[in-house]
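If you're wondering where the values come from, they're calculated on a predicted model, not measured in any experiment. Each residue takes its place number in the sequence, starting with 1.
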Amino acid sequence: MRKTKIVITVGPATDSKTKIKKLIKKGVDVFRLNFSHATHDYHKDVIDKIRDASDALNKEVAILQDISGPKIRICHLEKPMELKVGQILKLSKDKIDEQSKQITLSYPEIIDSLKVGESIYFSDGTIRTKVKSKNKTEVLCEVVIGGTLQSKKGINFPQSELNIETITPKDEKDIIFGAQNGVDIIALSFVSNKKDILRAKQIQTENGNDALIFPKIEKPEAVANLDSILSVSDGVMVARGDLGVEFGLHKVPMVQKKIIQKANELGIPAITATQMLTSMINSPYPTRAEMSDIANAVIDGTDAVMLSDETTVGNYPLEAIEVLKSCIKETEKGYNFHKYLDCINEEESIAAAVTTIAKTISPDALISFTRSGKSAMQLAKFRPKQKIIVSSFDIKTIRKMQVVWGITDYIKLKYKTKEAELLKDFFTKALQNKTININKKYVLTLGYPLSVTFPSNQIKIVDKNTVNYFMDK
């Protein structure tokens with residue numbers, strides 16, 4: 001049973017209801033909607049298709065809303081601009097003059113923050129310049145690495161401290177839209193500090209949603225402030241695209257390991273993203289390097305791996321899922337299960353005890369009764385070899401848990417306040433749909449009393465006699 005989860009981005013290659021059904025059948029756990037592109041009407045249509053496909057297949061999946069953030073781009077160019085080494089490119093606050101290599105930006109006020117000597121990168125770092133001089137209205141940049149600059153391409157400022165809000169007015173509208181449509185996870189782009197996370201939580205809470213908030217770590221400031229950012233986050237995304245441009249490609253592998261390790265220690269899920277299977281945009285086969293990249297992310301302890309262009313515009317989205325699954329399954333055969341991590345609070349000691357018991361008695365699965373999903377995430381932190389079954393009153397909790405490592409099954413229950421009734425209901429449903437086998441052994445954890453929101457404080461070892469006892473109640 002695969003424990004590392006699969007996240008895919010929906011786009012023109014995969015946005016039909018038929019394709020979404022096929023993707024769920026193939027094993028997709030989380031569908032990502034990229035709010036850097038398309039309209040609210042488009043995303044609403046895709047959300048409806050995902051929920052309809054999920055209901056038709058009786059398989060819950062999560063929807064991840066990826067907020068664009070202050071992605072800085074050049075404004076519209078009538079035609080591509082050829083830039084050669086040594087040429088001067090002008091960044092202007094107010095006008096474009098393609099003949100004299102003058103462009104303006106989506107956030108022209110950024111010019112005020114730039115300093116002489118700082119680097120400015122265009123088109124994902126393929127074109128590089130250095131600031132030579134500036135005045136109140138423009139900056140003159142010398143081209144260090146040339147290339148063809150296309151309209152609307154992104155810009156990175158790896159050495160600059162930009163005075164710009166992480167959550168833009170567009171982002172706020174997008175978060176409100178996501179809240180109104182019940183997205184399960186929100187990924188925040190270009191996070192700098194923990195205030196960005198708290199602001200996003202405030203917006204969605206004010207609009208009646210409680211999605212998990214994942215910062216995308218893609219800026220040097222975010223790496224520097226990693227501990228404080230993760231202390232208020234529900235998960236994290238290793239956004240290797242802009243991270244490589246801003247921080248340096250050679251630093252990405254070790255930064256990736258650091259981020260995932262921190263997430264593992266905190267017991268929050270980590271998603272590893274960007275160029276996992278780029279070759280499969282146009283080829284039905286991956287490269288050896290891509291397979292090693294996926295395997296290393298799994299070994300690092302990532303909860304999920306994510307595809308972007310491979311499933312938005314790629315020619316082989318279904319084949320990419322198959323490759324991803326086979327690589328994950330093969331890698332997990334040698335996985336370092338039952339990790340010895342420190343408990344950061346009393347609640348985690350229950351999860352640590354459960355996984356220690358599991359290592360000793362080798363049950364068929366671990367069962368977590370949870371309202372918020374926190375207890376299940378705490379079990380996953382210690383990376384048990386056994387699968388984790390989640391049982392909850394809340395379908396939103398079950399959906400959110402689809403991004404968490406090792407949670408492979410779930411049982412939705414009606415609200416109960418008596419333990420005997422709860423367990424009878426669980427065992428009845430779990431036996432009916434073959435989630436459990438009466439002849440196997442299980443370890444379950446739940447909070448008591450059930451009438452209040454209580455952290456897990458009970459551990460039960462369940463066998464045939466236990467099941468029969470509660471079934472007769």
Distance only, no hydrogens: is a donor on one side chain within 3.5 Å (strictly under) of an acceptor on the other, for Asn181 and His43?
-> no

Ion pair present between Asp171 and Lys71, side-chain N to carboxylate O less than 4.0 angstrom?
-> no

Once the angle between the rings of Phe337 and Trp405 is folded into 0 to 90°, is it parallel (under 30°), tilted (30 to 60°) or perpendicular (over 60°)?
-> tilted

Within a strict 4.5 Å, meaning less than it, do heavy atoms of the Leu188 and Thr166 side chains meet?
-> no

Should we count NZ of Lys134 as having more than 12 external heavy atoms under 6.0 Å?
-> yes

Would a 4.5 Å heavy-atom cut-off, applied to side chains only, mark Leu277 and Leu324 as touching?
-> yes

What is the ring orientation for Phe177 with Phe35, classed by angle as parallel under 30°, tilted 30 to 60°, or perpendicular over 60°?
-> tilted

Do the charged groups of Lys400 and Asp210 touch, with an N to O distance under 4.0 Å?
-> yes

Should we say atom CD of Glu165 is surrounded by more than 12 heavy atoms from elsewhere, each under 6.0 Å from it?
-> no

Decide yes or no for Cys343 and Phe382: does some side-chain heavy atom of the first lie under 4.5 Å from some side-chain heavy atom of the second?
-> yes

SB check Lys374 Glu347 (cutoff 4.0 Å) | yes

Answer yes or no: is there an ion pair linking Arg399 with Glu60, defined by an N-O contact shorter than 4.0 Å?
-> yes

Student check: side-chain heavy atoms of Asn207 and Gln204 closer than 4.5 Å | no

Do Asp184 and Lys396 meet the salt-bridge criterion of a basic N to acidic O distance under 4.0 Å?
-> no

Starting from the C-alpha separation in whole Å, work towards a yes-or-no answer on salt bridge (charged side-chain N to carboxylate O under 4.0 Å, His left out) for Arg383 and Asp303.
-> CA-CA 10 Å; Arg383 296 302 194 253; Asp303 287 71; 3.2 Å; yes

Can Lys387 and Asp409 be counted as an ion pair, charged N to O under 4.0 angstrom?
-> yes

Ser189 side chain to Ile67 main-chain N or O, any donor-acceptor pair under 3.5 Å?
-> yes

For Lys170, look at atom NZ and say whether over 12 heavy atoms of other residues, nucleotides or ligands are found less than 6.0 Å away.
-> yes

Ion pair check, Lys329 and Glu332, cut-off under 4.0 Å = no

Is a salt bridge present between Lys93 and Glu138, judged by a nitrogen-to-oxygen distance below 4.0 Å?
-> no

Salt bridge flag under 4.0 Å for residues Lys219 and Glu246 = no

Taking every heavy atom of Pro12 against every heavy atom of Tyr42, the minimum-distance pair comes out as N-OH, 4.3 Å

I'd like a table of donor-acceptor pairs (distance under 3.5 Å, sequence neighbours excluded) in which one partner is a side-chain atom from residues 252-270, with atom names and distances.
residue, atom, partner, partner atom, Å
Gln256, OE1, Arg240, NH1, 3.0
Gln256, NE2, Asp300, OD2, 3.2
Lys257, NZ, Asp300, OD1, 2.7
Gln261, NE2, Glu265, OE2, 3.2
Lys262, NZ, Asp227, OD1, 3.1
Asn264, ND2, Ile260, O, 3.4
Asn264, ND2, Gly301, O, 3.2

Heavy-atom neighbours of Asn345 CG exceed 12 at 6.0 Å = yes

Does the side chain of Leu230 come within less than 4.5 Å of Val236's, by heavy atoms?
-> yes

Test: Asp48 and Lys44 ion pair at under 4.0 Å | yes

Charged N-O contact under 4.0 Å between Lys115 and Glu118 = no

